[in-house]
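Quick notes on the structure that follows.
The chains referred to below are lettered A, B, ... by the order of the sequence lines, with proteins before strands, and numbering in each begins at 1.
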2 protein chains.
Amino acid sequence: MSASPQSILAAARELFLEGGAERVTMRNVAERVGVTATALYRHYENREDLLRAVVSTGFEQFASYLSRSLRGKTASERLRLSGEAYLDFALDQPQMYRTIFMSVHPTGDCSPAQVRAQEQAEPTWSSTFTFLVDRVRDCMEEGSLKKAPARETGLLLWVAVHGLVSLHLVNALGEPDATFRRTYHATLARIVAGLSP
Amino acid sequence: MSASPQSILAAARELFLEGGAERVTMRNVAERVGVTATALYRHYENREDLLRAVVSTGFEQFASYLSRSLRGKTASERLRLSGEAYLDFALDQPQMYRTIFMSVHPTGDCSPAQVRAQEQAEPTWSSTFTFLVDRVRDCMEEGSLKKAPARETGLLLWVAVHGLVSLHLVNALGEPDATFRRTYHATLARIVAGLSP
DNA sequence: GTCTATAGGTGGATAGAC
DNA sequence: GTCTATCCACCTATAGAC
């Protein structure tokens with residue numbers, strides 16, 4: 001059996017999507033690849049290193065989901081598509097969403113693992129926020145949103161979107177995905193209505 | 001040394017507030033109480049039992065925070081105080097907030113631990129939601145909120161409040177508590193403005 | 001009620017043979 | 001590159017002496 005970094009990463013990713021980070025143990029990954037645990041250390045320094053690679057793929061995927069929304073022809077269409085992309089990612093990859101947006105990434109200097117996790121996570125948060133603010137600004141220039149500080153409006157939208165998604169992902173709303181999509185759309189529509197001219 | 005159920009629970013609670021459930025191990029608790037781990041089994045059946053007791057205190061505390069808001073004299077004052085109580089709880093007991101509102105409690109029948117956790121959690125979610133909806137209905141009758149389906153408006157407010165709090169608790173907003181309080185108030189004010197007559 | 005001793009489990013990581 | 005053998009750390013939980 002030959003184990004490439006790619007095959008190892010793929011196995012680790014599978015396990016992660018199935019059951020989150022805790023499921024990604026050297027032993028579990030090795031078993032799925034078809035080698036022993038020690039073999040993995042030829043390709044990844046340690047578990048933390050492997051886990052970081054897994055989460056990296058998640059960050060990239062999230063960014064690619066969001067960027068799809070730029071294909072919209074009008075500013076308000078692009079904003080709508082952003083909301084859609086955000087929802088799609090959360091429902092397609094709930095474990096990734098939890099890791100990126102629902103896990104603690106401390107501010108203070110802590111363990112090296114957490115410091116590195118934050119270095120990855122922070123750009124994702126701030127670029128998510130920035131992306132939304134840009135969509136909002138476009139809409140304000142286009143006239144489809146009331147003029148207001150774009151950062152405040154962007155935050156308001158992010159908070160609503162994340163609030164909905166994260167409550168759904170812990171089953172606090174008690175809705176299946178399909179029903180939740182309607183709740184999501186309806187709630188956002190009401191919020192956007194309050195921000196429209 | 002004598003170890004009462006209370007002293008054990010207190011130690012477990014301390015550890016939980018410091019570092020979440022994972023820190024609550026029989027060994028850690030025992031060390032803090034001043035006995036050996038095996039002694040704990042005289043007072044709690046097992047770790048799950050002890051952890052459940054810890055989380056129970058959190059649920060009760062959350063309920064007591066919320067109920068304080070009923071002292072407000074007008075409906076809109078009570079709604080405002082509810083938002084304040086929610087924020088206070090989240091900032092006072094972030095680990096508890098995470099456990100109650102940011103941890104997965106699966107819908108399907110899973111391990112006994114998760115089933116029991118859900119039995120505890122679900123009433124808390126739905127009673128939180130119901131509590132908010134009641135405040136909203138009061139406000140609508142009072143005329144301080146536009147007439148609309150109270151459940152939808154209540155959900156909208158819960159989503160906003162939880163979105164703000166949970167992003168703050170994972171440090172996604174990069175604000176210290178004091179600054180965040182202002183962001184919280186400002187954002188909610190804008191949302192409520194959109195719902196006012 | 002609390003102790004010591006102990007069983008049995010999961011997981012990360014290394015040394016050295018092949 | 002991968003294996004076996006092994007060590008270490010940490011956890012839950014029980015049996016039986018005191």
Exercise. Ignoring hydrogens and geometry, is there a side-chain-to-backbone donor-acceptor pair from N46(B) to D49(B) under 3.5 Å?
Worked result: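 Checking the backbone N and O of D49(B) against the side chain of N46(B), a donor-acceptor pair under 3.5 Å is found.
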Exercise. Between the axis at one end of the helix from dG1(C)-dC18(D) to dC18(C)-dG1(D) and the axis at the other (five pairs apiece), what's the angle to 10 degrees?
Worked result: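 End-to-end axis angle for the helix from dG1(C)-dC18(D) to dC18(C)-dG1(D): 10°, rounded to 10°.
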Exercise. Does a sphere of radius 6.0 Å around CD in Q61(B) hold more than 12 heavy atoms from other residues, nucleotides or ligands, not counting ones at 6.0 Å or beyond?
Worked result: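 Counting other residues, nucleotides and ligands, CD of Q61(B) exceeds 12 neighbours.
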Problem set entry | For DNA chain D, the residues among residues 38-45 of chain A that have a non-hydrogen atom under 4.0 Å from it |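 Contacting residues: T38(A), A39(A), R42(A), H43(A).
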Exercise. Start at the 5' end of DNA chain D and walk down; is the nucleotide closest to S4(A) or to N46(B) reached first?
Worked result: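 Closest to the 5' end, via its nearest nucleotide, is S4(A).
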Exercise. Mind checking whether I8(B) and Y44(B) have side chains closer than 4.5 Å, heavy atoms only?
Worked result: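 Touching, per the 4.5 Å side-chain cut-off.
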List, with names and distances, any nitrogen or oxygen atoms from the protein found under 3.5 Å away from nitrogen or oxygen atoms belonging to nucleotides 7-11 of chain D.
{"residue": "dC11(D)", "atom": "N4", "partner": "R27(B)", "partner atom": "NH2", "Å": "3.4"}

Exercise. Is a salt bridge present between E18(A) and R32(A), judged by a nitrogen-to-oxygen distance below 4.0 Å?
Worked result: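 So E18(A) pairs with R32(A) through a salt bridge.
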Problem set entry | Set of side chain to side chain contact (heavy atoms under 4.5 Å, CB included) partners for S166(B), sequence neighbours left out |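 Listed in chain order: H162(A), S166(A), M102(B), H162(B).
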Problem set entry | Results of side chain to side chain contact (heavy atoms under 4.5 Å, CB included) for V133(A) - residues two or more places apart only |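 Result, side chain to side chain contact (heavy atoms under 4.5 Å, CB included) vs V133(A): F129(A), R137(A), A150(A), R151(A).
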Problem set entry | Test item: side-chain donor near acceptor, R190(B) and T153(A), under 3.5 Å |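 R190(B) vs T153(A): donor-acceptor pair found between side chains.
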Exercise. Any cation-pi pair here, R135(B) with F131(B), using under 6.0 Å and within 45°?
Worked result: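 Pair R135(B)/F131(B) counts as cation-pi.
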Exercise. Under 6.0 Å between ring centres, would you say that holds for Y184(B) and Y86(B)?
Worked result: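 They do not qualify: ring centres at least 6.0 Å apart.
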Exercise. Taking only residues two or more places apart in sequence or in another chain, which ones pass ring-ring contact (aromatic ring centres under 6.0 Å, His included) with F89(B)?
Worked result: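 By the ring-ring contact (aromatic ring centres under 6.0 Å, His included) rule, F89(B) matches F62(B), Y65(B).
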